[in-house]
Protein chains: 2
Amino acid sequence: MNKDFKKDENFFLNKHPLDEETLFLVSQTFKALSDPTRIRILNLLCIAEHSVNELAEKLDLGQSTVSHQLRFLKQLRLVKYRRAGTTLYYSKDDDHIMNLLNQAIEHATHN
Amino acid sequence: MNKDFKKDENFFLNKHPLDEETLFLVSQTFKALSDPTRIRILNLLCIAEHSVNELAEKLDLGQSTVSHQLRFLKQLRLVKYRRAGTTLYYSKDDDHIMNLLNQAIEHATHN
DNA sequence: TCAATATATGAGCATATGTTCATATATTGA
DNA sequence: TCAATATATGAACATATGCTCATATATTGA
């Protein structure tokens, strides 16, 4: 299996046309990655876990804004959290999607 | 370089924090992939070039709807077209992003 | 040149989205 | 138990989005 084939491996494996459920999940996943605020949050969580306030401060966003977006990301299982007292530390929970994000960032910076 | 490092290669290469321009381009690119209609269009263009009417018929969409979405995808250089008479044949124009889409589809079908 | 065909475009509309504000909830230490 | 701290939540708002309709534009063959 040469490199070019490997690169398009998923194309050959994927179904055509896409069923409703897959379509919805894929669109939701990309929707999560389509907002600058969420991208910035995920980009930080890519480095290390952060509390809600840490994210809000580092990104200069309201606490409520961050919390709302984290709920969105959590519901898609892109992030998770652990509790330490009253503080919730959020971290990434889907390496594959994080990898997609990083690929897109890399692609964007070189085009 | 082992496989695990290779997988997160982009993470280490990408800048933190992201600059405004990169952020915008990445979000726009994912926005393109975040709508079911556009995903279905790209999924067909992944197989072969199609005219606007062919896409509209295959996907049971209005001609105007398809045309509007193709303009969106064209402006991001995700698709291109060639003219043959009055017919415009659209095809994919960014293999990297197409690959991201196929990865996400593959990911969605196995989770 | 003109009708036929294919596509593009702009306005209008309903719905979705992201932020903010105010407030609710939860945990901890005193 | 209570105040302090951290986070979650819901409503309201402005803006963005996607589709439809009507119409404009472009190309071709007669």
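Note that the structure is predicted; figures quoted are calculated from it, not measured. Chain letters run A, B, ... following the sequence lines, proteins first, then strands; residues in each count from 1.
- At whole-Å resolution of the value, CD in A/E49 and C1' in D/dT7 are 16 Å apart.
- Using modelled atom types, no side-chain atom of B/T65 and backbone atom of B/L61 make a donor-acceptor pair closer than 3.5 Å.
- With hydrogens and angles ignored, the 3.5 Å screen pairs no side-chain donor or acceptor of A/D93 with any backbone N or O of A/L78.
- Against DNA chain C, the stretch residues 35-46 of chain B makes no heavy-atom approach under 4.0 Å.
- Counting non-hydrogen atoms of neighbouring residues, nucleotides and ligands closer than 6.0 angstrom, the CG atom of B/D19 exceeds 12 such neighbours.
- For B/N99 (side chain) and B/D95 (main-chain N/O), no donor-acceptor pair under 3.5 Å exists by modelled atom type.
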Mind listing the N/O atom pairs, protein and nucleotides 28-30 of chain D, below 3.5 Å?
none

As a check on the pairing definition, encode DNA chain C in dot-bracket form, counting Watson-Crick and G-U wobble pairs whose two distances are under 3.5 Å, and using | for partners outside this strand. ||||||||||||||||||||||||||||||
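- Look at CG on A/D60: it is 12 Å from P on C/dT19, rounded to the nearest Å.
- Among residues at least two apart or in separate chains, side chain to side chain donor-acceptor pair (under 3.5 Å) pairs with a member in residues 40-50 of chain A are A/N43-B/H16, A/E49-A/R82, A/H50-A/K58.
- With A/E106 contributing its side chain and A/Q103 its backbone, the two residues share no donor-acceptor pair below 3.5 Å.
- In this entry the distance linking NE2 of B/H50 with C1' of C/dT7 reads 17 Å, nearest Å.
- Under a cutoff of 6.0 Å and an axis angle of 45°, A/R83 and A/Y89 do not form a cation-pi pair.
- A donor-acceptor distance shorter than 3.5 angstrom exists from the side chain of B/S34 to the backbone of B/K31, with no hydrogens or angles considered.
- Of all heavy-atom pairs spanning A/V79 and A/L70, the tightest one is CG2-O, 3.9 Å.
- The ring-ring contact (aromatic ring centres under 6.0 Å, His included) test applied to B/Y81 returns B/Y90, not counting sequence neighbours.
- The side chain of B/N53 contributes an N or O atom lying less than 4.0 Å from OP1 or OP2 of C/dT7.
- Protein atom CD of A/E54 is 10 Å distant from nucleotide atom P of D/dA6, rounded to whole Å.
- Looking only at distances, a side-chain donor or acceptor of A/R38 sits under 3.5 Å from a matching main-chain atom of A/A32.
- With hydrogens and angles ignored, a donor-acceptor pair under 3.5 angstrom links the side chain of A/S64 to the base of D/dT9.
- Evaluation of atom-type donor-acceptor distances gives no pair under 3.5 Å for the side chain of B/Q63 against the base of C/dA6.
- Both B/Q28 and A/T65 lie close to DNA chain D; mapped to their nearest nucleotides by heavy-atom distance, the more 5′-ward contact belongs to A/T65.
- Heavy atoms of A/T87 sit under 4.0 angstrom from primed sugar atoms or phosphate atoms, though from no base atom.
- Of the residues in residues 66-81 of chain A, those lying under 4.0 Å from DNA chain D by heavy-atom distance are A/S67, A/H68, A/R71.
- Rounded to an integer number of Å, the gap from CG of A/L33 to C1' of C/dG18 is 16 Å.
- The closest donor-acceptor contact from the side chain of B/S67 to the backbone of B/Q63 lies at 3.5 Å or more, if one exists at all.
- Rounded to an integer number of Å, the gap from CG of B/L61 to P of D/dC21 is 13 Å.
- Taking every heavy atom of both residues into account, B/K15 and B/L18 meet most closely at O-CD2, 3.4 Å.
- The shortest heavy-atom contact between A/T87 and A/S51 is CG2-CB, 3.4 Å.
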